[in-house]
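Following: one structure in structure tokens, then a few remarks.
Along the sequence shown, residues are numbered consecutively beginning with 1. For ligands, and for the atoms within them, numbers begin at 1 and follow the listed sequence. Model, not experiment: these values are computed from the prediction.
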Amino acid sequence: MKYQKTEVKLDNSLSFWKHFDKEERVLFYNPLNNELIIGAKRLKTFGQEENYNNYLYVFSSRTFFDSVKDQKWAEFGNETVAFEYYLVEKKGKQTLYYFEDLVEIENLKIKSNEHFYNISADDYEEWKELFANVYYEISSRKVNKVVISREVKIVCETLVNTESVLKNLLEKNQNSFIFAYFKNGKTFLGATPEILVQKEKDNIISYALAGTILRNDEDDELQKMMLLNDRKNRYEHQIVIDKIADVMKQYIRDVIIDEIKILTLKNLHHLQTRIYGKDNSTLSEWVTRLHPTPALGGNPAYKALEIIKKYEKHERGLYAAPIGIMDENGDGIFVAGIRSALICKNMVFAYTGGGIVDKSECEAEYIETNNKLKTIIESL
Ligand SMILES: C=C(O[C@@H]1C=C(C(=O)O)C=C[C@H]1O)C(=O)O
């Protein structure tokens, strides 16, 4: 590793994020090991086959579809980047890594400020049309699951304070991966519960995440039982398990599928199943093999993607796309960029979706997308 390091003591690691206000930056918080990594100032862009030796971490992102036309997503995604500076916070210890020149990071006050905003979530008619079109395709048995989504525009009265949004996301979503990517004046950020694939040496671990129920303060255990026993949710979850396992079995002889569990988030419960095995391919290869799983595309994937492209009116960009961080050995993790938003000045384009199968109901699915949207709304 070519980086030098020094211990720092900041009241909040987001001071580092704020310090590099004008520079390209990424933030990635992993709740599995409680590690927060923030990178600032692009140092190197990697070609497809290059290895990451000598670079402490690299950040990698892909767009949901291979290409994007919408200008608001311009220059986002489909690259792997190393940064000149990293701040790593783990077990209460903050370490600043620098490639050449040490920087002094001032200890700034990071405040949660409330944004006043206007939300244009009057898109139920549009959702009804989207749902009907997709439902027709499912009824004609070309596909058995399609994940559809909404783009919800939120206009704030002031410029969005991304430190405040990130502070809120970190504080409120303890079981989620918090991510942010600032580039050319825009920030894509979110708090996702969904791991696409993880690699630790030759261990390849993926998760099926699909099936949702709202939390209920009075009887949360009952909600969990209901979700575990709900046929529609089990069915859409099983489609994801089967597909991930099928892909893994093409490369791995012994693929292990754990039992289905409940993942509890701030507002929702999801069904989650871990699927894993041993293999020596790179993490990037695994991302290509697995993305998009039927948790975010549908099944069969090529048909579902065609349907999404045809009927969704917005472009997904980095929404539901693989976003990851890898260390110099190529180990790391890719998550799916859901519960997310693209922020441009005072505008927040928030994204939310849900899986549609033959037992899905239009209004219930719409309400579910509103519940998923709370992650972003509650961070403003
Ligand atoms: C598509 C989203 O979430 C996905 C859809 C889910 C579902 O339909 O039950 C659950 C988790 C995610 O895989 C989203 O949050 O935008």
Strictly by modelled atom types, are Glu137 and Tyr311 linked by a side-chain donor-acceptor pair under 3.5 Å?
yes
Which of these, Val165, Leu189, Thr352, sits in a side chain to side chain contact (heavy atoms under 4.5 Å, CB included) with Ile376?
Leu189
Just checking, any donor-acceptor pair under 3.5 angstrom between side chains of His314 and Asp70?
no
Hydrophobic side-chain clustering at under 4.5 Å (ILVMFWY, transitive links): who's grouped with Tyr235? Put none if nobody.
Ile239, Val357
Sequence neighbours excluded, every pair satisfying side-chain hydrogen bond (donor to acceptor under 3.5 Å, both in side chains) that has a member inside residues 290-310
Asn144-Asn299, Lys303-Glu306
Near ligand 1 (heavy atom, under 4.0 angstrom), the protein residues are Val147, Glu194, Leu209, Ala210, Gly211, Thr212, Glu236, His270, Ala295, Leu296, Tyr319, Ile338, Arg339, Thr352, Gly353, Gly354, Gly355, Glu368, Lys372
Sequence neighbours left out, what pairs pass side-chain hydrogen bond (donor to acceptor under 3.5 Å, both in side chains) with at least one residue falling in residues 74-84?
Arg42-Glu79, Ser60-Thr80, Thr63-Asn78, Glu75-Asn184, Glu79-Lys183
